[in-house]
Amino acid sequence: MVIESDRKPILLTVDDDPGVSRAVARDLRRHYGETYRVVRTQSGPEALETLRELKLRGDVVAVLLADHRMPGMTGLEFLEEAMDLFPAARRALLTAYADTDAAIEAINVVDLDHYLLKPWDPPEEKLYPVVDSLVELWLASDERPVSRAQVVGHRWSARSFEVRDFLARNSVPYRWFTSEEPEGQRLLAAAGADAESIPVVVTPGGDSLIDPSIGELAAEVGLSTTPTTDFYDVVIVGGGPAGLGAAVYAASEGLRTVLVERRATGGQAGLSSRIENYLGFPDGVSGAQLTDRARRQAHKFGAEVLTTRDVVGLEVRPSSRAVRFEDGGEVVAHSVLLATGISYRKLEVPGADALTGRGVFYGSAMTEAPACVGSDIYIVGGANSAGQAAVFLARHARRVTMLVRGGDLGTSMSHYLVRQIAEIPNIDVRLGTEVIGLDGGDHLEEITLCDSATGTKETARAGYLFVFIGAAPRTEWLEGVVDRDPRGFVLTGPDLLARGSRPRGWDLDRDPYYLEASSPGVFAAGDVRANSVKRVASAVGEGAMAIQLVHGFLEHQ
Ligand SMILES: Cc1cc2nc3c(=O)[nH]c(=O)nc-3n(C[C@H](O)[C@H](O)[C@H](O)COP(=O)(O)OP(=O)(O)OC[C@H]3O[C@@H](n4cnc5c(N)ncnc54)[C@H](O)[C@@H]3O)c2cc1C
């Protein structure tokens with residue numbers, strides 16, 4: 001068997017006699033120490049506590065050797081409880097003499113593999129052949145150590161989904177277990193939690209977090225959440241392609257740079273299963289891959305990237321600009337780049353809010369795809385994002401039905417995607433169809449559709465509905481600070497001069513730069529900017545360009 005992590009599997013001994021305990025551990029280390037870690041304990045309760053810790057850390061236990069006659073908890077009782085945590089570990093009982101009753105009972109109760117008589121000298125004859133056979137049996141069980149986070153939750157729990165989606169979008173590897181499956185139950189027991197406390201996250205270091213907030217989780221898995229200093233050359237708000245592009249250019253050109261992201265870097269692009277039209281990736285690239293590379297590139301040049309920090313205010317001071325966080329903290333800089341993009345519009349139909357994360361998902365095709373295997377799923381929307389999701393999900397689901405309000409897919413979707421969709425046999429496109437209601441208990445079970453032309457209603461069984469229905473900027477917090485268009489997009493450069501004069505309050509003897517907002521030193525790039533092209537390449541390009549303009553601003557301020 002190939003052992004995936006460099007952690008050694010464990011041989012655990014428990015014996016209340018210190019002399020015997022030391023001797024057995026010494027003999028085991030001498031023979032197995034290179035491949036296995038020998039852990040020595042002196043009572044049943046101590047051994048169980050150790051096993052719980054090992055479980056949380058993702059270690060695996062190959063063999064349990066327990067003395068039978070111990071005060072408080074017998075070896076048999078210990079092995080019985082230990083089986084709940086490590087059912088694959090092979091078990092042997094140590095007895096001072098042939099205690100046949102205990103051995104027979106053990107065979108029946110704990111499926112004992114062997115029992116060993118003390119003393120076992122010489123070990124080459126009496127101990128190692130037995131342990132060899134135990135190890136062989138364990139190797140056949142194919143248990144592997146885990147060196148990644150583990151998440152235990154419920155398939156239809158919105159919080160469980162939130163946690164998994166956050167980890168996935170931040171490229172934190174994890175293993176997912178439902179609270180119903182045996183391994184999930186074992187992890188819950190080891191963490192002292194139950195099915196009511198989900199989601200439970202066990203970090204690679206073995207700490208268990210019960211129903212953690214996203215901020216708590218970010219800090220635990222090593223994502224930065226607080227700035228390291230209190231003044232920067234540029235604060236970038238938003239970690240999508242525009243923000244990450246700007247961070248790479250700003251930091252590589254020597255600007256003290258901090259990027260603040262509300263949730264997970266990557267923005268909308270991070271949700272894309274395959275971006276086919278970004279320059280330099282002829283075979284396409286997933287949003288997660290692109291984000292991971294961009295984030296590493298930004299780090300390499302020295303940009304700070306903070307996640308899970310929501311910016312809720314911008315204050316322009318005489319010689320600086322401050323962005324304020326939800327918790328009242330702030331970060332101050334010479335200049336600010338707004339790269340907050342756009343957010344999905346919510347589906348405004350009865351039942352949608354209650355079922356979000358429980359069958360209704362916004363733009364989260366990647367995270368949920370494995371769960372859709374063999375299901376019939378629905379996608380609402382007719383633009384590129386919906387089309388990409390349909391192509392991606394069709395590889396997992398039995399049937400994908402796209403619900404499109406308009407009468408022609410070609411008016412809202414790129415030609416290459418329309419063609420791909422037409423060629424995939426398990427995708428249906430229903431034009432002129434709207435979703436008007438959702439229903440279900442603890443998860444989505446039924447959707448109500450309406451034919452826009454005839455008004456005919458129908459209901460359909462549905463476990464999954466992915467929503468991609470256009471998006472809007474969330475810029476209310478900029479009210480009164482920078483000018484926005486009626487839909488909330490930030491006006492910059494030439495758009496601010498459209499009425500023939502400079503913006504109100506503008507006190508410099510130059511016009512605003514191309515990507516500069518109505519307040520000097522505040523810039524906007526990417527989808528949040530009025531009249532921007534809503535594409536990855538243009539967002540990245542604007543991010544880079546904004547930094548050039550920041551240099552101009554810093555030189556002349
Ligand atoms: C599923 C999908 C597929 C797509 N496929 C393609 C494609 O194939 N090709 C293509 O060219 N384009 C594609 N697009 C469009 C493209 O992803 C966007 O145009 C691009 O991501 C815009 O980048 P941005 O940085 O301006 O904004 P966004 O990507 O929207 O990023 C903005 C970021 O700012 C953060 N933020 C917002 N407000 C705050 C705040 N107050 N405080 C802190 N952070 C905040 C958000 O959480 C987000 O991470 C796709 C979009 C989607 C949704």
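Every heavy atom of this structure was used, including side-chain atoms; hydrogens, water molecules and symmetry mates were not. Note that ligands are numbered from 1 as they come in the structure, with each ligand's atoms numbered from 1 the same way.
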Problem set entry | Enumerated ligand 1 atoms positioned under 4.0 Å from heavy atoms of R535 | 10 (C), 11 (O), 12 (N), 19 (O)
For this session: Can you pull out the closest protein heavy atom to atom 15 (C) of ligand 1? Residue, atom name and distance to 0.1 Å, please.
Result: K534 O, 4.1 Å
Problem set entry | Option whose closest heavy atom lies nearest to atom 18 (C) of ligand 1, chosen from V311, V540, D527 | D527
For this session: Out of V312, D310, L259, indicate the one that has the non-hydrogen atom closest to atom 40 (C) of ligand 1.
Result: D310
Exercise. According to the interplanar angle, ranging from 0 to 90°, do the rings of H334 and F231 count as parallel (below 30°), tilted (30 to 60°) or perpendicular (above 60°)?
Worked result: perpendicular
Problem set entry | Numbering as shown, the atoms of ligand 1 that approach I342 to under 4.0 Å (heavy-atom distance) | 30 (O)
Problem set entry | Nitrogen or oxygen atoms of E261 and ligand 1 under 3.5 Å apart | yes
Exercise. Of the listed options (Q388, R474, R309, R263), which comes nearest to atom 7 (C) of ligand 1 when hydrogens are ignored and any heavy atom counts?
Worked result: Q388
Exercise. For atom 25 (O) of ligand 1, which candidate among G267, G243, A242, G238 provides the closest heavy atom?
Worked result: A242
Seminar exercise, completed: protein heavy-atom neighbour closest to atom 16 (C) of ligand 1 works out as V536 CG2, 3.8 Å
Exercise. Going by the atom numbers of ligand 1, which of them fall below 4.0 Å from some non-hydrogen atom of V237?
Worked result: 42 (N), 43 (C)
Exercise. Which of these passes ring pair (Phe, Tyr, Trp, His ring centres under 6.0 Å) with F466: F392, F361, Y344?
Worked result: F361
For this session: Mark yes when over 12 heavy atoms from residues, nucleotides or ligands other than E458 sit less than 6.0 Å from its CD; otherwise mark no.
Result: yes
Exercise. What atoms in ligand 1 come closer than 4.0 Å to a heavy atom of A539?
Worked result: 22 (C), 23 (O), 26 (O)
Seminar exercise, completed: Quick note on ligand 1: atoms under 4.0 Å from a heavy atom of V260 include exactly 43 (C), 44 (N)
Exercise. Is the count of non-hydrogen atoms from other residues, nucleotides or ligands lying under 6.0 Å from R405 atom CZ greater than 12?
Worked result: no
